[in-house]
Amino acid sequence: NPSLVQTWYKERKRVVTEAEPNAGHMAIAAFEQDFLGRGLEFAVVTQNVDNLHQRAGSKNVIELHGNLARNYCYACRREASDEEMNTLADKEPVQCVQCGGLVRPDVVWFGEQLPYQPIEDAVDAARRSSVCLCIGTSAVVYPAAQIPLLAGEEGAYVAEINIEPSAIASQIDESIQGKSGEVLPALFEAYKEALSSSNQSINLN
């Protein structure tokens with residue numbers, strides 16, 4: 001039922017667009033800005049499709065499950081712009097202006113494979129990392145749940161921030177219980193304070 005699917009995603013996109021990045025998103029963006037300013041690498045690997053990391057200011061965002069802000073033609077893979085979607089909004093189901101194929105959101109649906117390049121980029125970032133924070137996930141969906149474990153195998157310090165221990169809590173260095181919107185801003189402040197008083201590495205314990 002293409003019309004039903006497009007209508008549902010149109011409403012979901014409206015809700016997401018009206019949402020604002022929370023303090024956790026902002027803290028992650030602040031960490032990235034600080035790291036890049038020091039000549040260090042930083043990557044955000046996310047399963048979220050809500051575009052909030054980008055809106056908070058994060059630059060290097062690796063999206064494993066796509067982005068609700070984008071649409072493309074299922075037939076010819078051509079990207080459909082917001083302007084096109086708005087122009088065709090009164091026509092359901094929305095069809096590609098180039099080939100007439102059905103237009104769908106650029107997100108991964110159940111039963112579909114994750115896009116190859118984001119997975120490769122995420123694995124590469126994990127293997128090269130020194131510190132890996134696993135934030136707000138149950139860590140039961142693979143291959144995403146494997147990313148922090150790969151980082152740990154390569155010697156990274158891996159800590160999770162979650163309201164309860166995740167499925168991989170026993171396999172990583174630290175499990176911090178709490179809301180990301182509260183823990184991450186506090187962690188960033190502690191990081192900045194430690195940097196101002198010492199050049200030593202930050203201990204997350």
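This one's a predicted model, so the numbers in the text were calculated from it and none came from an experiment.
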Using a side-chain heavy atom cutoff under 4.5 Å and only I, L, V, M, F, W and Y, what cluster partners does [X] have?
X	value
Trp8	Val5, Tyr9, Val16, Val49, Leu68, Val107, Trp109
Ile147	Val45, Ile62, Leu64, Val108, Leu114, Ile119, Val123, Leu150
Val15	none
Leu102	none

| task | May I ask you to test the Leu195-Arg38 pair for a side-chain heavy-atom distance under 4.5 Å? | result |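 Heavy-atom side-chain distance check passes, below 4.5 Å.
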| Do the non-hydrogen side-chain atoms of Val44 and Asn60 ever get within less than 4.5 Å of each other? |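 Not touching, per the 4.5 Å side-chain cut-off.
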| task | Take Leu40 and Glu32 through the side chain to side chain contact (heavy atoms under 4.5 Å, CB included) test and state the conclusion after the steps. | result | CA-CA 9 Å; Leu40 303 173; Glu32 180 184 48; over 6 Å; no
Drop me the distance from [X]'s [atom1] to [Y]'s [atom2], to the nearest 0.5 angstrom.
X	Y	atom1	atom2	answer
Leu187	Glu182	CG	CD	13.5 Å
Ser166	Ile161	OG	CD1	12.0 Å
Glu79	Asp106	CD	CG	7.5 Å
Leu149	Cys132	CG	SG	9.0 Å
Glu164	Ser138	CD	OG	8.5 Å

Can you name the residues that form a salt bridge (Lys or Arg N to Asp or Glu O under 4.0 Å) with [X], not counting sequence neighbours?
X	value
Asp124	Arg128
Arg78	Glu84
Glu154	Arg127

| message | According to ring-ring contact (aromatic ring centres under 6.0 Å, His included), does anything in residues 22-60 pair up with another residue at least two apart or in another chain? List the pairs. | response |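 Only His25-His53, Phe31-Phe188, Phe31-Tyr191, Phe35-Phe42, Phe35-Tyr191 qualify under ring-ring contact (aromatic ring centres under 6.0 Å, His included).
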So for atom [atom1], which belongs to [X], do other residues, nucleotides or ligands contribute more than 12 heavy atoms lying within a distance under 6.0 Å?
X	atom1	value
Glu120	CD	yes
Glu41	CD	no
Tyr142	OH	yes

Applying side chain to side chain donor-acceptor pair (under 3.5 Å), can you list everything that pairs with [X], at least two apart in sequence or on another chain?
X	value
Glu18	Arg14
Gln47	none
Asn162	none
Lys179	none

| request: In sequence, state the C-alpha distance, the side-chain angles, and the governing distance for Gln33 and Lys59, and then conclude on side chain to side chain contact (heavy atoms under 4.5 Å, CB included). | output: CA-CA 9 Å; Gln33 183 178 12; Lys59 304 300 183 185; over 6 Å; no
| field | Side-chain ion pair, Asp34 and Lys192, N-O less than 4.0 Å | value |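 Salt bridge flag = yes for Lys192 with Asp34.
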Return yes if some donor-acceptor pair links the side-chain N/O of [X] with the main-chain N/O of [Y] below 3.5 Å, else return no.
X	Y	value
Gln6	Val103	yes
Glu160	Glu174	no
Asn22	Gly24	yes

Quick one about [Y] and [X] (side-chain donor to acceptor, distance below 3.5 Å, no hydrogens or angles considered), yes or no?
X	Y	answer
Asn67	Asn51	yes
Glu63	Gln54	yes
Ser175	Gln177	yes

| request: Apply side chain to side chain contact (heavy atoms under 4.5 Å, CB included) to the pair Leu133 and Val158, showing each step before the final yes or no. | output: CA-CA 6 Å; Leu133 296 181; Val158 182; over 6 Å; no
| field | Glu112/Arg104 under salt bridge (charged side-chain N to carboxylate O under 4.0 Å, His left out): CA gap, chis, key distance, verdict | value | CA-CA 14 Å; Glu112 295 182 331; Arg104 58 163 287 177; 2.7 Å; yes
| message | Checking Cys76 against Cys96 for the side chain to side chain contact (heavy atoms under 4.5 Å, CB included) test, could you report, in this order, the C-alpha distance in whole Å, the side-chain angles of both residues, the deciding distance, and whether it holds? | response | CA-CA 9 Å; Cys76 71; Cys96 175; 3.9 Å; yes
